[in-house]
Amino acid sequence: QVASEEGGSRCKESRAVLLSPVGRLEISGCETGLHEIKLPRTSVLPSGGAESWAACELCEGAEEPPEPLRQCAAWLRAYFCQPERTPSLPLPPFHHPLLRRDSFTRQVLWTLLRDVKFGEAVSYKQLADLAGNSKAARAVGAAMRSNPIPIIIPCHRVIRSSGQSGNYGGGHLLKEWLLSHEKLQKEKLA
């Protein structure tokens, strides 16, 4: 259970697993919103494109997941299989304490979500500039490490100024796969 900001009450957390082209994504949340997406840590990613995973379905977890988890699954399914649909889909509401309290980390994550589009990449320094503090590239790195909702809040799109991909919570291979997936899908739509 996760403490709610309103009056300290606890929310009833549900968990589910989504089978995806990159492995099992564990999602958790409550009726109020999405708490977290846990990425698989793997040294080998499945071969083949996202098209081979057209189902991309919830396979475990709550029999009747709350609406934010259903919205999250629908958004992730579109991201992997029909990325052109993601801008028209509602984002699940977020209900993680980090995204609810005012902080530079929250500002950076919201800026990333709002300003860095599918198939784009931005350096840590560029994101610091966008978030209003050009000297905070290291703090941007810390914000990326603490992102509770990867893929939807696209921390994989933040790279080093040198053009190298940099670190990622799901590992280097997963970050490279996500960047490549977006590049290929964007080229198909062009």
To the nearest 0.5 Å, what is the distance between [atom1] on [X] and [atom2] on [Y]?
X: Asn147; Y: Leu99; atom1: CG; atom2: CG; result: 7.0 Å
X: Leu98; Y: Leu109; atom1: CG; atom2: CG; result: 6.0 Å
X: Ile27; Y: Ser14; atom1: CD1; atom2: OG; result: 10.0 Å
X: Cys81; Y: Leu76; atom1: SG; atom2: CG; result: 10.0 Å
X: Gln164; Y: Ser123; atom1: CD; atom2: OG; result: 13.0 Å
X: Asn133; Y: Leu127; atom1: CG; atom2: CG; result: 11.0 Å

task = Return the set of residues passing side chain to side chain contact (heavy atoms under 4.5 Å, CB included) with Ala142 (not counting sequence neighbours), or none when no residue passes.
result =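 Counting only residues at least two positions away or on another chain, Ala142 forms a side chain to side chain contact (heavy atoms under 4.5 Å, CB included) with Arg145.
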
remark   = Taken in chain and number order and not counting sequence neighbours, the residues that satisfy side chain to side chain contact (heavy atoms under 4.5 Å, CB included) with Arg138 are none

Looking at [X] and [Y], would you say the former's side chain and the latter's main chain have a donor-acceptor pair under 3.5 Å?
X: Arg70; Y: Pro65; answer: yes
X: Lys175; Y: Ser165; answer: yes
X: Gln107; Y: Phe104; answer: no

Considering all heavy atoms, the nearest [X]-[Y] contact:
X: Gly166; Y: His172; result: O-ND1, 4.1 Å
X: Ile152; Y: Pro92; result: CD1-CG, 4.0 Å
X: Arg106; Y: Ser103; result: N-OG, 3.1 Å
X: Pro40; Y: Leu174; result: O-CD2, 4.1 Å
X: Lys125; Y: Ser161; result: CB-OG, 4.5 Å
X: Leu89; Y: Ala74; result: CD1-O, 3.9 Å

ask   = Hey, what's the ring geometry for His181 with Phe118, parallel, tilted or perpendicular (30° and 60° as the breaks)?
value =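 Geometry flag for Phe118 against His181: perpendicular rings.
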
key: Geometric class of the His156/Tyr168 ring pair [parallel <30°, tilted 30-60°, perpendicular >60°]   =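 Perpendicular, since the angle between the ring planes exceeds 60°.
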
Taking NZ, NE, NH1 and NH2 as the nitrogens, is one of them in [X] or [Y] under 4.0 Å from a carboxylate oxygen of the other?
X: Glu26; Y: Arg24; result: no
X: Glu120; Y: Lys117; result: no
X: Arg157; Y: Glu182; result: yes

query = Given the side-chain rings of His95 and His35, with only the six-membered ring counted for Trp, is the space between their centroids under 6.0 Å?
reply =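 Close enough - the centres of the two rings lie under 6.0 Å apart.
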
Under a 4.5 Å cut-off applied to non-hydrogen side-chain atoms, are [X] and [Y] in contact?
X: Gln185; Y: Lys183; answer: no
X: Arg15; Y: Leu69; answer: no
X: Phe94; Y: Trp110; answer: yes

request  = Say whether Ile159 and Ile153 are linked into one hydrophobic cluster, either directly or through other cluster members, by side-chain heavy-atom distances under 4.5 angstrom.
outcome  =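 No, no single cluster joins them.
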
inquiry  = Going by side-chain contact (heavy atoms from CB on, under 4.5 Å), Cys72 matches just one of Leu91, Ile37, Ile149. Which one?
reply    =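 Running side-chain contact (heavy atoms from CB on, under 4.5 Å) over Leu91, Ile37, Ile149 with Cys72 returns exactly one hit, Ile37.
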
query = Can you name the residues that form a ring-ring contact (aromatic ring centres under 6.0 Å, His included) with Tyr124, not counting sequence neighbours?
reply = none

